[in-house]
Amino acid sequence: MNEVMIDIRNLSKWFGDFKVLSNVNETVKKGQTIVLCGPSGSGKSTLLRCVNGLEPFQEGEVVVDGTSLTDPQTNLNQLRQKIGMVFQRFELYPHMTAKQNITLAPRKVRNMSQKAADNKASELLKRIGIPEKADDYPANLSGGQQQRVAIARALAMEPKAMLFDEPTSALDPEMIKEVLDVMIALAKEGMTMVCVTHEMGFAREVADEIIFMDEGEIVERGTYEDFFKNPQSERAKDFLEHIL
Amino acid sequence: MFFDYHVIIENLPYLLQGLVVTFKLAGLALAGGIFFGMLVGLGRISQRNLIYYPVSAFVNFLRNIPLIIIIFWVYFILPIMVGRNIDPFLAAALAFIIFESTYFGEIFRAGYQSISKDMVGSAYATGLTYWQVARYVTIPIAFRRMLPSLITQSIITFQDTSLAFVIGLHEFVTRANVVNNLEYRSIEIYSFVAVVFLILCYIGSRISLHFETKYRKANVL
Amino acid sequence: MKKFSPGFAGAEPNSKEACMAFNYNFDWSILWSDPYGMWIIQGIGYTLLIGACAWVIAFLLGVLIGTMRVSNLRILRFLATLYTEVFRNIPFLVQLFFWYYAVPMLFGPLTPIINKISNLNLYVAIVGLGLYTASRVAEHVRAGYASISRDQYQAALSTGMSQVQMYRYIIIPYCLRLIIPPITTEFLTIFKNTSIAMVISVSETTFMTYQIDAETFHGFEATTAAMVIYFFIGMSVVKLMDLVEAKFRIPGLSGRGG
């Protein structure tokens, strides 16, 4: 339980002249659940995308499960098999069924047989609670169902860590719970997770650490109680006033 | 007013052969236009200035020029370049390919750009490589989105082939003119031409609408 | 069957060009020498005239038909749809031939009189182009109405306005601003389509290009000049529409409706 899964050191990123991430340092141990929060534009989503190499960065280092992202020898595609990611707008492939969405990567990247992949998909769909929707297209699924399929799609590659970018922000209120339930179950099973979210109920239940970011920097970090009962910085206090 | 449909029936073989030429020309124009259109579209979203600026200049210049002028220009310049006489069919085909590639290029550009960054990102996040993402995600989705526009533009291309008339190419409309010059039954002849186009193009537009509705329902559009 | 010839003044391009192809002497001076220079100027004048007049017809008729397409009256919708489908699916060239050759023949005994009207081809070109382009404008107008959210319509009606008032004061002004980009394209296209009037011998730019080639066999130079001319006309149209758009712009209203 003490191995480091994700190690971020002195990470800085610019979009042209604009510095979007400033000297970010963070260590995520195996099995931990980290919640990232902060005002919009603070760089939280960008940080997430730097961890699995979807966004390049100019300074610093990111090491995932022992592999450094900046090492020229690193094969990013292989690295991404180890990290799953779930997006705010689900991003299911609209031209494929739920089952096909889940089995695409295992079949094409791990060369799994159709049968083995289908079995895996059925198992995952059962785990997220909608086995009957296997042959439905995303258009016929509710937002909550789509997001759960997106989680299953990420889990199909048996990742060692999962990144969540505001997974419930695009959902109608009555569907938020079903997605959070899946995420909470995942956290309790020991998955290493980094979640950008405003769902404080989720944070209270499973977060090992809350990180508050503003304008590209980590301003404050602590446990749920520390952060909410006793915010240290002005910016954190300001933010909490606005969301509570 | 006496509508003498016999004039159409007597000349039908001659006219229909012209329609065959029209289809051949349209087919070539579409094949070339779509192929080069894909390249033009890619060029228009290129990050490399060396590709983006020339391609954009090409597209923006050509979109101001009437098709007839392009047909003439190709028709005049080709013999000069090649050094001998040029078959009007070839000149027309080349002119159409150049012209239509700009329009298809814009359709492809819109198609490429319509795939959100996160959609592509979510595919990469599962470990798929560049070519796998292109093949299983980007291209199938973009194609479905572009299909209605591609069909509509194809119909326009088909209509545009009638302009090959100006360099004397013996396609459908040209032959109708020939028959008109002989028989002077203009009403019958041009009504016939109009109806043929009306039917063919209307069918085409309904096919395009079918795909648009189908993909819109599937939330692909 | 004897070989087809375009039928208007000028030699068959093929046979004469064959000789020129092997040792082509470029002669750009023909573009400004008498009388060809004047021909080009005249051609530009007619291009602009036809385009502008046809556009007036196209715009007014197009807005009317586009509005009819969304009317509550089934008969109006049907007529508008019929018009649009007919004029969009038949190539403009064929429409032009129809108006110029076929329609006069409908007048029976009056036909010879009609065919002798001076500048008949010019009037036919303007009206024909106007009618054709109107069908395209109508489509853009219809799309514009569709992209305005239903809530907008309902908000207007809920203040007690009648349908007509709603359209007149709210929907139509909003719609017209929304469709400025596609309308700009249509305006551009109408000037390009004036070139098709050459087939009925209207003295616009493209026809003059062809005439110059017929007399001097320097079609390449003439066509290149025509390309430059059309390019500048196009640029001017876009600039003009930019000014129109700026004048009627509403802050915060982007081109995307709904």
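These values consider heavy atoms only, across backbone and side chains, with no hydrogens, waters or symmetry-generated copies. Throughout, protein chains are lettered first and strands after them, A, B, ... in sequence-line order, and every chain is numbered starting at 1.
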What do you reckon, is CZ of B/F58 surrounded by more than 12 foreign heavy atoms closer than 6.0 Å? yes
Is the number of heavy atoms from other residues, nucleotides or ligands under 6.0 Å of C/W99 CH2 greater than 12? no
C/E221 side chain reached by B/F76 side chain, heavy atoms, under 4.5 Å: no
Heavy-atom nearest pair, C/A102 first then B/I187, reads O-CG1, 3.4 Å
B/N60 versus chain C, the contacting section by heavy-atom distance below 4.5 Å: backbone
If you define the side chain from C-beta out and look only at heavy atoms, does anything of C/M198 sit under 4.5 Å from B/F72? yes
Show the nearest heavy-atom pair for residues C/S195 and B/I68, with the distance to one decimal. O-CD1, 3.6 Å
Hey, what do you get for OG (B/S162) to CD1 (C/I196), rounding to the nearest 0.5 Å? 7.0 Å
Please report the shortest heavy-atom distance between C/M105 and B/Y184, naming the atom on each side. CE-O, 3.2 Å
Looking at C/Y83, I want to see if its OH is surrounded by more than 12 non-hydrogen atoms of other residues, nucleotides or ligands under 6.0 Å. yes
Could you tell me whether C/L110 atom CG has more than 12 heavy atoms of other residues or ligands within 6.0 Å of it? yes
Against chain B, work out which of C/T209, C/T189, C/T224 has the most heavy-atom pairs shorter than 4.5 Å and name it. C/T224
Which residues from residues 231-243 of chain C are near chain B, with near meaning under 4.5 Å between non-hydrogen atoms? C/F231, C/G234, C/M235
Hey, which of B/L163, B/V196, B/N180, B/L198 has the most heavy atom pairs under 4.5 Å with chain C? B/L198
CG of C/N89 to CD1 of B/I199, rounded to nearest 0.5 Å, is 10.5 Å
Run through C/F97, C/F98, C/Y100 and flag the one making a ring pair (Phe, Tyr, Trp, His ring centres under 6.0 Å) with B/Y190. C/F97
Checked B/P66, B/A176, B/G204, B/S191 vs chain C; the most non-hydrogen pairs under 4.5 Å come from B/P66
When heavy-atom pairs shorter than 4.5 Å are enumerated against chain C, which of B/V173, B/L200, B/I77 gives the highest number? B/I77
Does the B/Q159 side chain pair with the main chain of C/L93, one donor and one acceptor, at a distance under 3.5 Å? no
Does the side chain of B/L67 come within less than 4.5 Å of C/K192's, by heavy atoms? no
Minimum heavy-atom distance C/E85-B/S205, with the two atoms named: OE1-OG, 4.2 Å
To check you understand the geometry: which heavy-atom pair defines the closest contact between B/I69 and C/T223, and what is its length? O-CG2, 3.4 Å
Interatomic spacing from CG in B/L78 to CZ in C/F220 - rounded to 0.5 Å: 11.0 Å
Work out which heavy atom in C/P91 is nearest to a heavy atom in B/F197; give both atom names and the distance. CD-CG, 3.4 Å
